[in-house]
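Report on the structure given below.
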Amino acid sequence: MDIQEWEQRHNDAFYNVKKALPYLEGMFVAYNSNIDAIKHLTDKELSRLIGLFNEDNIQARVETYPREIKEPLDFMARLLISMREGKAAEIPTHTSDTHEWLKENLGFDYARMGGQAGIISNLLARLGIKKVVAYVPWLSEEQAEYFVASENLVHPKVEDGNVVLKPPREAFKPGTESKVNWIFEYSRDMEIKCGGRKFQVPRDNRLIISSRPKWIRLDMDRKIYEHLDSIFPIDGAMLSGYQMIKEQYEDGSTYKDYVLHSVKVIEKLKALNPELRIHVELTSIQNRVIRKAILTEIVAKHVHSLGLDTVEVANALNVLGHEELSYSVIRKEETGITSLYQGAVQLLKDLSLERVHVHSLGFYICILAKGHPLTLKEHRDALLFSSTLAGAKALNGKIENLEDAEAGLDVPISSKGIEDLENFRVYCVGKKLCTPDEFEYGYLYGPDHDAVLIPSKVVDKPKATVGIGDAISAGAFAAMLARMKQDRA
Ligand SMILES: Nc1ncnc2c1ncn2[C@@H]1O[C@H](COP(=O)(O)OP(=O)(O)O)[C@@H](O)[C@H]1O
Ligand SMILES: O=P(O)(O)OC[C@H]1O[C@](O)(CO)[C@@H](O)[C@@H]1O
Ligand SMILES: [Mg+2]
């Protein structure tokens with residue numbers, strides 16, 4: 001693969017997508033937003049934290065692999081597990097004890113918009129999309145301040161029995177508490193010594209402690225559901241936050257009730273615009289019952305497009321019964337990309353999707369059901385556009401507008417990503433997914449699916465990594481929809 005050719009394609013794609021975006025009437029984005037308290041961990045801070053515990057106790061807790069943060073020791077254990085493998089993870093906590101302990105013993109560097117829906121709403125608004133309707137069931141006054149204050153970003157509000165669209169600052173529910181997550185960003189090559197063991201962090205990544213206070217409900221306000229037509233016209237919906245759903249609730253309801261409500265919302269959105277396309281953005285979901293329910297009850301058959309990272313592909317395959325494939329995806333060796341591709345194809349089939357967009361560090365893979373409305377070139381433009389967004393966000397830590405996004409064009413394409421794709425060429429040509437020439441374009445033609453592969457832009461020393469995947473998925477999905485509208489205009 002010729003890197004110069006791909007740089008040029010990034011440029012062409014950016015301007016093609018920029019021309020298409022104004023064709024979008026609107027996007028609906030729900031459910032989860034929170035305030036991210038971000039802490040960039042240094043070696044010194046980490047060893048000070050470890051020093052607050054008995055190191056043998058930390059090791060012992062690491063062995064139990066806690067799936068929930070009940071006390072600071074659980075946090076220490078999951079932080080070391082995440083750093084040891086350089087793997088992103090998001091762990092729920094249902095009490096504020098750890099929040100208090102972290103405020104006392106560590107503090108954070110800065111607070112920012114968090115949550116897939118929060119990050120995606122702000123990004124789409126900053127790209128100048130005509131109308132972005134954000135919906136956060138737990139919108140607090142403080143949280144409302146983290147949304148872009150621009151006239152194209154609105155939030156539904158119940159007024160005199162009706163639903164009107166207001167700036168988030170005028171749509172919050174008084175008295176709602178804020179949901180604050182802790183994000184621990186760590187860098188490649190950090191040295192960790194604990195319990196007589198020593199290791200180096202293999203890549204930049206982050207651990208998320210997701211606060212799940214008991215009052216949180218992943219549900220749509222009744223009145224807003226009844227007047228859902230008031231958010232239209234919209235061309236697409238990006239939904240996320242289902243990881244908030246719990247198995248049991250104090251009032252006797254269970255996750256089945258919230259899954260049912262979530263599906264009703266999706267069905268009503270599609271009834272109000274049969275052309276509507278719906279995308280779900282995943283995150284790491286520790287509870288396997290919930291992870292399976294989200295995939296098989298909400299995503300499968302109801303949703304068109306799924307966005308996820310490589311770890312989430314492995315985790316999804318695992319609960320869908322493909323343990324072997326899941327393991328080979330997570331093993332990340334030379335055959336990593338082949339397994340990742342096979343895994344993404346498996347998800348498209350198992351979940352009856354039109355589109356599965358996987359983002360990895362250095363390349364993206366997008367699997368498409370046959371008959372998808374756009375050409376592979378138009379899909380490739382959408383992915384290349386999102387790669388430029390990722391570059392800009394990693395470089396500057398934010399994207400305020402399309403001009404900021406353009407800065408991403410100066411970020412070099414990852415040579416490791418090119419190398420990973422080159423390792424995949426033999427498999428593709430061997431399986432007759434493409435001729436050697438077609439591989440140069442990044443187009444694959446399967447028996448029951450097509451695919452687009454692109455090498456992506458990677459910043460060597462990123463400002464922060466949290467939320468880049470959300471930006472990639474949002475940029476590509478919006479660009480794809482815009483192209484569909486432009487082609488029909
Ligand atoms: N330094 C970087 N430069 C460019 N892209 C990056 C960088 N670090 C991470 N990314 C991209 O961001 C993605 C992270 O996605 P994900 O794990 O879903 O994070 P989040 O859900 O927090 O957005 C990676 O798959 C990669 O494509
Ligand atoms: O599951 P939660 O608590 O909504 O948190 C989602 C987390 O994932 C992110 O949206 C990144 O994808 C963070 O900003 C946020 O803290
Ligand atoms: Mg993600």
Side-chain angles (χ1 to χ4, degrees), residues 29-38 69 82 86-94 111-123 136-138 143 146 178-185 187-188 203-213 216 218 240-245 280-287 290 294 306-313 315 340 357-365 383 386-397 408 411-414 416-417 454-476:
V29 189
Y31 291 82
N32 63 321
S33 89
N34 59 266
I35 294 165
D36 273 353
I38 302 198
I69 308 291
S82 174
K87 248 172 66 183
E90 174 183 335
I91 325 293
T93 185
H94 298 287
R112 255 188 15 190
M113 169 61 91
Q116 285 83 0
I119 290 171
I120 289 173
S121 313
N122 278 352
L123 177 82
V136 179
W138 49 83
Q143 175 74 67
Y146 285 79
S178 289
K179 177 181 176 330
V180 179
N181 287 358
W182 284 77
I183 313 283
F184 300 91
E185 294 265 359
S187 309
R188 184 180 55 217
R203 73 164 263 197
D204 305 330
N205 225 317
R206 78 278 187 269
L207 175 76
I208 296 172
I209 307 298
S210 162
S211 69
R212 308 273 167 93
I216 283 262
L218 200 286
S240 57
Y242 297 116
Q243 63 274 14
M244 225 50 62
I245 297 174
V280 162
E281 188 62 18
L282 277 193
T283 188
S284 81
I285 304 162
Q286 292 299 317
N287 182 309
I290 301 301
I294 291 169
L306 184 64
L308 66 181
D309 72 17
T310 51
V311 173
E312 291 149 12
V313 170
N315 293 343
L340 187 61
H357 174 187
V358 180
H359 43 266
S360 175
L361 189 64
F363 64 85
Y364 307 159
I365 297 178
L383 295 182
S386 72
S387 161
T388 302
L389 296 185
K393 191 161 162 93
L395 187 67
N396 301 321
V411 172
I413 289 172
S414 153
K416 171 77 173 55
I454 69 155
S456 62
K457 290 174 175 284
V458 173
V459 169
D460 194 34
K461 289 253 168 268
K463 268 261 171 74
T465 64
V466 69
I468 304 181
D470 301 336
I472 292 167
S473 294

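Order of appearance sets the numbers: ligands from 1, and atoms from 1 within every ligand. Computed from a predicted structure; not experimentally measured. For this chain, numbers begin at 1 and follow the sequence in order.
- Residues Y242 and T283 are not in side-chain contact: their nearest non-hydrogen atoms beyond the backbone lie 4.5 Å or more apart.
- At a threshold of 4.5 Å between non-hydrogen side-chain atoms, the residues V466 and D36 count as touching.
- For the pair K87/N205, no side-chain contact is recorded, criterion being any heavy-atom separation below 4.5 Å from C-beta on.
- Ring geometry, H357 versus H359: the interplanar angle exceeds 60°, so the pair is classed perpendicular (tilted spans 30 to 60°).
- Using a 4.0 Å cut-off between a side-chain N of Lys or Arg and a carboxylate O of Asp or Glu, R188 and D460 qualify as a salt bridge.
- Sorted by chain and number, the residues within 4.0 Å of ligand 2 by heavy atom are N32, N34, D36, E90, G114, G115, Q116, I119, K179, N181, I183, I208, S210, R212, Q243, M244, V466, D470.
- Inter-residue side-chain proximity for N34 and S211 is flagged as unmet; no heavy-atom pair is nearer than 4.5 Å.
- The shortest side-chain heavy-atom distance between I285 and N315 does not fall under the 4.5 Å cut-off.
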Using a cut-off of under 3.5 Å, which N/O atoms of ligand 1 pair up with protein N/O atoms, and what distance separates each pair?
residue  : atom   : partner : partner atom : Å
ligand 1 : 1 (N)  : V459    : O            : 2.9
ligand 1 : 3 (N)  : V459    : N            : 3.0
ligand 1 : 15 (O) : H359    : NE2          : 3.3
ligand 1 : 17 (O) : D309    : OD2          : 2.6
ligand 1 : 18 (O) : H359    : NE2          : 2.9
ligand 1 : 19 (O) : R206    : NH2          : 3.2
ligand 1 : 21 (O) : R206    : NH2          : 3.4
ligand 1 : 22 (O) : R206    : NE           : 3.4
ligand 1 : 22 (O) : R206    : NH2          : 2.2
ligand 1 : 22 (O) : G467    : N            : 2.9
ligand 1 : 23 (O) : G467    : N            : 3.2
ligand 1 : 23 (O) : I468    : N            : 3.2
ligand 1 : 23 (O) : G469    : N            : 2.7
ligand 1 : 23 (O) : D470    : N            : 3.0
ligand 1 : 25 (O) : H359    : O            : 3.3
ligand 1 : 27 (O) : S360    : O            : 2.9

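- In this structure, a donor-acceptor pair under 3.5 Å is present between the side chains of E281 and S473.
- A donor-acceptor pair under 3.5 Å is absent between the side-chain atoms of T388 and the main chain of G408, judged by distance alone.
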